[in-house]
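Everything on this sheet refers to the single structure shown next.
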2 protein chains.
Amino acid sequence: MTIKEVAEKFDMTNDTLRYYEKIGLIGPVKKNSSGIRDYSKNDLKRIEFIKCMRSAGISIEVLKKYVDLYDKGESTKDIRQQLLEKEKEKLEEKIKTMTEALDKLKYKIELYKTDKLDKYL
Amino acid sequence: MTIKEVAEKFDMTNDTLRYYEKIGLIGPVKKNSSGIRDYSKNDLKRIEFIKCMRSAGISIEVLKKYVDLYDKGESTKDIRQQLLEKEKEKLEEKIKTMTEALDKLKYKIELYKTDKLDKYL
DNA sequence: TATTGACATAGACCACACTTTAAGTGCTAT
DNA sequence: ATAGCACTTAAAGTGTGGTCTATGTCAATA
């Protein structure tokens, strides 16, 4: 699969894919005889995971740490699991914060709808 | 209320408060005879709102637009409401995305716990 | 009175995550 | 065969949102 196809599949740019590879988040991707990238199924799996986690706001730094641990093999299993659990908690916290903000936003919109706005923002 | 007290109350830095004021997101805050800021109740209400929306990831640009509209008065009521509704939708979408990522993360953690990891990340 | 410490300003600097640019290579279609 | 396009690289540039530095003022305390 070419870089273009992968970029389209996951709705990201070629630039971002090359950038992720450069910083070691994915790949190194195999290249054909004229130097063109050919993404493997395994590459795609990684990209899918990375993309999903990035869209949830998990930092590149953390993801890099995770894939580096993964590439070190079996012995890092426990620490990888701990890393994921920590991120899970952070994510849950973030969702909670955002849900609270959403509730306030909804309340404010209600005030607009019922013309009950007070003198604050 | 002094900048220090406000910063503590909302868990942010003095720098950020001054920065928000500089870009017109809050204030201008009244100053006493020796140039020290004295935040009013109204200032606090704005800061609370801004802080809450920022923690949900709403951009400074959007918030600036909202407060500018607010300061233009009654006539901008409808457009402000629309702005909030648009942000509400964006926020709902973001929460959805993050919840999906959270589910995948939980699933992956389950795989770790039950030792059923396959050969991908 | 001298020093300390919180506050002030303008402007420089930073981290993060891309994104763009410059310069070049190689397949494809006219 | 030559134009055009997609690909390649390394490195510089960008946008967002703060954060830090240098320099200075002021009020209160030793």
Side-chain angles (χ1 to χ4, degrees), chain A residues 1-40 43 46-47 49-68 87 90-91 94 97-98 101, chain B residues 1-40 43 46-47 49-68 87 90-91 94 97-98 101:
Chain A
M1 217 174 182
T2 69
I3 195 168
K4 195 179 190 220
E5 287 164 344
V6 176
E8 264 158 28
K9 184 175 167 69
F10 294 109
D11 189 32
M12 52 206 296
T13 68
N14 303 13
D15 290 319
T16 302
L17 281 166
R18 278 189 289 254
Y19 168 66
Y20 281 1
E21 186 176 346
K22 187 173 139 196
I23 63 176
L25 205 49
I26 56 176
V29 177
K30 237 179 64 183
K31 296 181 192 166
N32 71 16
S33 55
S34 45
I36 307 292
R37 284 173 180 78
D38 181 18
Y39 291 81
S40 72
D43 291 328
R46 284 204 179 200
I47 292 165
F49 178 69
I50 300 286
K51 182 79 204 305
C52 178
M53 294 305 119
R54 282 296 299 129
S55 70
I58 292 175
S59 76
I60 282 183
E61 189 186 3
V62 165
L63 293 173
K64 174 77 168 112
K65 206 163 161 184
Y66 181 74
V67 306
D68 285 353
E87 291 309 309
K90 278 161 66 178
L91 190 47
K94 251 197 287 186
T97 302
M98 291 175 71
Chain B
M1 217 173 182
T2 68
I3 196 167
K4 194 179 190 219
E5 287 163 344
V6 177
E8 265 159 27
K9 185 175 165 69
F10 294 110
D11 189 31
M12 53 206 296
T13 68
N14 302 15
D15 286 320
T16 302
L17 281 166
R18 279 189 289 254
Y19 167 67
Y20 282 1
E21 187 176 346
K22 187 172 138 196
I23 62 175
L25 206 49
I26 55 176
V29 177
K30 237 177 67 184
K31 296 180 191 166
N32 71 16
S33 54
S34 44
I36 307 293
R37 284 175 179 76
D38 181 18
Y39 290 82
S40 71
D43 292 329
R46 285 204 179 201
I47 293 164
F49 179 69
I50 300 287
K51 182 78 205 303
C52 178
M53 294 304 118
R54 282 296 299 129
S55 70
I58 293 176
S59 76
I60 282 185
E61 188 185 5
V62 164
L63 293 172
K64 175 79 167 107
K65 204 163 162 184
Y66 181 73
V67 307
D68 285 353
E87 291 309 308
K90 278 161 65 177
L91 190 47
K94 250 197 289 185
T97 302
M98 291 175 71

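First the proteins, then the strands, lettered A, B, ... as listed; each starts at 1. Values reported hereafter were calculated over all heavy atoms of this structure, with side chains retained and with hydrogens, waters and symmetry mates removed.
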Taking [atom1] from [X] and [atom2] from [N], how many angstroms apart are they, rounded to a whole number?
X     : N      : atom1 : atom2 : answer
B/D15 : C/dA8  : CG    : C1'   : 12 Å
A/K64 : C/dA17 : NZ    : C1'   : 15 Å
B/E21 : C/dC7  : CD    : C1'   : 13 Å
A/L25 : C/dC16 : CG    : P     : 14 Å
A/I36 : C/dG24 : CD1   : P     : 18 Å
A/K30 : D/dT8  : NZ    : P     : 15 Å
A/N32 : C/dG26 : CG    : P     : 11 Å
A/I58 : C/dC16 : CD1   : P     : 16 Å

Please state whether the phosphate of [N], meaning OP1 or OP2, lies under 4.0 angstrom from any side-chain nitrogen or oxygen of [X].
X     : N      : result
A/T16 : C/dT19 : yes
B/R18 : D/dT19 : no
B/Y20 : D/dG18 : yes
B/K31 : D/dC26 : no
A/N14 : D/dC7  : yes

- Query: So do B/D38 and B/N32 actually touch side chain to side chain, heavy atoms under 4.5 Å?
  - Reply: no
Notebook entry, point to check: Quick one: are B/Y19 and B/I60 in side-chain contact, heavy atoms under 4.5 Å?
Noted result: yes
5'-most contact on DNA chain D (nearest-nucleotide basis), B/S34 vs B/Y19, goes to B/Y19
Next item on the list: Please lay out, stage by stage, how B/Y20 and B/M12 fare under the test side chain to side chain contact (heavy atoms under 4.5 Å, CB included).
Entry: CA-CA 11 Å; B/Y20 282 1; B/M12 53 206 296; 3.7 Å; yes
dist B/R46:CZ -> B/Y39:OH (nearest 0.5 Å) comes out at 13.0 Å
d(B/I50 CD1, B/I26 CD1) to nearest 0.5 Å is 7.5 Å
Would you mind classifying the nucleic acid contact of A/R37 as base, sugar-phosphate or nothing, using non-hydrogen atoms under 4.0 angstrom? sugar-phosphate
Ranking D/dT16, C/dC18, D/dG18 by distance to the side chain of A/I60, first place goes to C/dC18
